[in-house]
Amino acid sequence: MKNIRARKPFPVIFAGAGPGDPELITVKGMNALKKADIVIYAGSLVSKKMLAYCRKAARIHDSAPMTLPEITSLMVSGARSGKRVVRLHTGDPALYGALREQACVLEAQDVPYEIIPGVSSAFASAAALKRELTVPGVSQTVIFTRLPGKTPAPANEKLSLLSRHQATICVFLSAGMIDKTVRELKKGYPPDTPAAAVYRASWKDEVVITGHLKNIAARVKAAGISRQAMIIVGRALDGAVGECSKLYAPGFGHGFRKK
Ligand code: SAH
């Protein structure tokens with residue numbers, strides 16, 4: 001008799017969709033979508049255009065109205081019936097994506113999974129602003145944070161405390177609380193610190209607002225922006241300040257280039 005072995009299930013793939021522009025998904029993420037039987041995507045911030053990469057026969061679910069058990073049971077039953085399941089997250093799945101709670105369920109049920117990174121909206125926003133977030137002589141640190149909302153934040157991560165570093169800071173999920181965001185940031189940064197808000201970076205309706213801490217809240221509100229926006233603050237946004245890196249300095253040699 002032939003030894004019939006159960007086929008190994010395909011791992012569930014968590015893929016970063018990138019910030020919105022369908023060209024900003026990775027090639028690997030796009031290839032996973034092309035092969036998928038079941039796709040669960042975060043409808044609020046993942047462009048439907050991305051779904052054009054999927055096969056016609058693929059079953060596509062918007063996770064926005066779904067609960068965690070509904071999402072994970074789709075993943076588990078799909079994987080167990082030999083289907084290729086892709087869970088598409090906005091930006092990179094490692095940031096504010098509820099990745100851990102989904103992955104924990106899969107681990108508990110012995111369902112394998114893999115993660116394909118994506119372009120975070122923090123980087124798409126920096127690109128829209130045409131700015132480097134780490135400028136020598138100005139800031140060598142980037143903080144990703146948010147104001148607490150329904151999800152609380154630990155007390156030692158208060159925006160007012162983080163702002164004391166005067167590093168470059170990317171504030172997610174907080175555009176609707178712009179007054180509070182600015183109030184907290186002003187506890188550490190001077191009011192003339194450059195600040196920006198990027199609404200729907202990389203989408204066709206992207207809006208870029210620049211200013212300083214003292215006026216950014218008024219500008220964001222005047223533009224009617226209260227969601228889907230990244231707030232970035234720090235002197236690195238001032239394109240005129242900073243030193244050149246040593247990397248390309250003529251008088252400086254390193255392992256790949258002699259002096
Ligand atoms: N994992 C995502 C973040 C999800 S949390 C990432 O890596 O980008 C959702 C928040 O991300 C939004 O409230 C907003 O602050 C930010 N965001 C997501 N897409 C955005 C975009 N295209 N432009 C600006 N901000 C965006």
Side-chain angles (χ1 to χ4, degrees), residues 13-26 28-29 32-33 40-51 62-64 66 68 71 86-103 113 115-131 133 142-153 157 159 162 168-182 184-185 195-211 216-217 219-221 223-234 237:
I13 293 177
F14 292 92
D21 179 344
E23 288 194 273
L24 286 177
I25 190 170
T26 64
K28 195 165 185 167
L33 277 185
I40 309 166
Y41 74 106
S44 50
L45 273 167
V46 171
S47 168
K48 294 227 169 24
K49 286 193 181 151
M50 207 85 68
L51 304 175
D62 179 357
S63 62
M66 294 165 76
L68 177 67
I71 294 169
V86 173
R87 169 72 165 121
L88 203 52
H89 277 282
T90 170
D92 184 279
L95 290 172
Y96 310 108
L99 172 66
R100 189 195 65 92
E101 65 210 52
Q102 299 171 73
Y113 64 91
I115 298 169
I116 300 175
V119 177
S120 173
S121 58
F123 302 120
S125 299
L129 290 163
K130 300 195 169 73
R131 285 293 180 267
L133 301 179
V142 183
I143 297 173
F144 295 143
T145 190
R146 62 169 298 172
L147 272 187
K150 282 194 201 89
T151 307
E157 292 180 14
L159 204 48
L162 298 176
T168 309
I169 197 161
C170 298
V171 191
F172 290 72
L173 294 157
S174 305
M177 300 177 274
I178 187 71
D179 283 323
K180 184 164 188 217
T181 305
V182 167
E184 294 289 303
L185 290 168
V198 183
Y199 169 74
R200 286 166 67 84
S202 87
W203 292 71
K204 290 233 155 60
D205 54 355
E206 170 187 287
V207 176
V208 174
I209 295 173
T210 56
I216 196 73
R219 292 183 184 182
V220 165
K221 285 188 283 183
I225 291 168
S226 60
R227 52 199 283 273
Q228 300 190 354
M230 177 68 54
I231 299 157
I232 306 187
V233 174
L237 293 188

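Note that this is a predicted model, so its numbers are computed, not measured. Whatever order the structure lists them in is the order used to number ligands and atoms, beginning at 1.
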Run the salt bridge (Lys or Arg N to Asp or Glu O under 4.0 Å) test on D21 and K49 for me, step by step, so that the C-alpha distance in whole Å, both residues' side-chain angles and the decisive distance to 0.1 Å come before the verdict.
CA-CA 8 Å; D21 179 344; K49 286 193 181 151; over 6 Å; no
Looking only at protein heavy atoms, which one is nearest to [atom], and how far off is it?
atom: atom 3 (C) of ligand 1; result: L95 O, 3.6 Å
atom: atom 11 (O) of ligand 1; result: F172 CD2, 3.5 Å
atom: atom 24 (C) of ligand 1; result: V198 O, 3.3 Å

Of the backbone atoms (N, CA, C, O) and the side-chain heavy atoms from C-beta on, which set of Q228 has a member under 4.0 Å from an atom of ligand 1: side chain, backbone, both, or neither?
backbone
Could you tell me, atom by atom, which parts of ligand 1 come under 4.0 Å of a heavy atom of [X]?
X: S121; answer: 6 (C), 7 (O), 8 (O), 11 (O), 16 (C), 17 (N), 18 (C), 19 (N), 20 (C), 21 (C), 25 (N), 26 (C)
X: W203; answer: 22 (N)
X: Y96; answer: 4 (C), 5 (S)
X: L173; answer: 5 (S), 9 (C), 10 (C), 13 (O), 15 (O)
X: S120; answer: 6 (C), 7 (O), 8 (O)
X: D92; answer: 1 (N), 6 (C), 7 (O)
X: L45; answer: 9 (C), 18 (C), 19 (N)
X: T90; answer: 1 (N), 2 (C), 4 (C), 6 (C)

Has [X] got a side-chain atom pairing as donor or acceptor with [Y]'s backbone, closer than 3.5 angstrom?
X: S174; Y: L147; value: yes
X: Q228; Y: S44; value: yes
X: R131; Y: A126; value: no
X: W203; Y: P19; value: yes
X: S125; Y: V198; value: no

Gap separating the CD1 atom of I225 from the CD1 atom of I209, nearest 0.5 angstrom:
3.5 Å
So is there a nitrogen or oxygen of [X] less than 3.5 Å from a nitrogen or oxygen in ligand 1?
X: P19; result: yes
X: A201; result: yes
X: G20; result: no

Is R200 close enough to touch ligand 1? Criterion: a residue heavy atom under 4.0 Å from a ligand atom.
yes
Answer with yes or no whether A229 contacts ligand 1, where contact means a heavy atom under 4.0 Å from a ligand atom.
yes
Could you report the tightest heavy-atom contact between I116 and A32, atom names first, then the distance?
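That would be CD1-CB, 4.0 Å.
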Taking all atoms of both residues into account, what is the closest heavy-atom pair of M177 and P148, and its distance?
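M177 and P148 have their closest heavy atoms at CE-O, 3.9 Å.
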How about S63 and R87: does a side-chain donor come under 3.5 Å of a side-chain acceptor?
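Result is yes, a qualifying pair exists.
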Please report the C-alpha distance between I216 and V182 in whole Å, then the side-chain angles of each, then the deciding distance to 0.1 Å, and finally whether the side-chain contact (heavy atoms from CB on, under 4.5 Å) criterion is met.
CA-CA 8 Å; I216 196 73; V182 167; 3.7 Å; yes
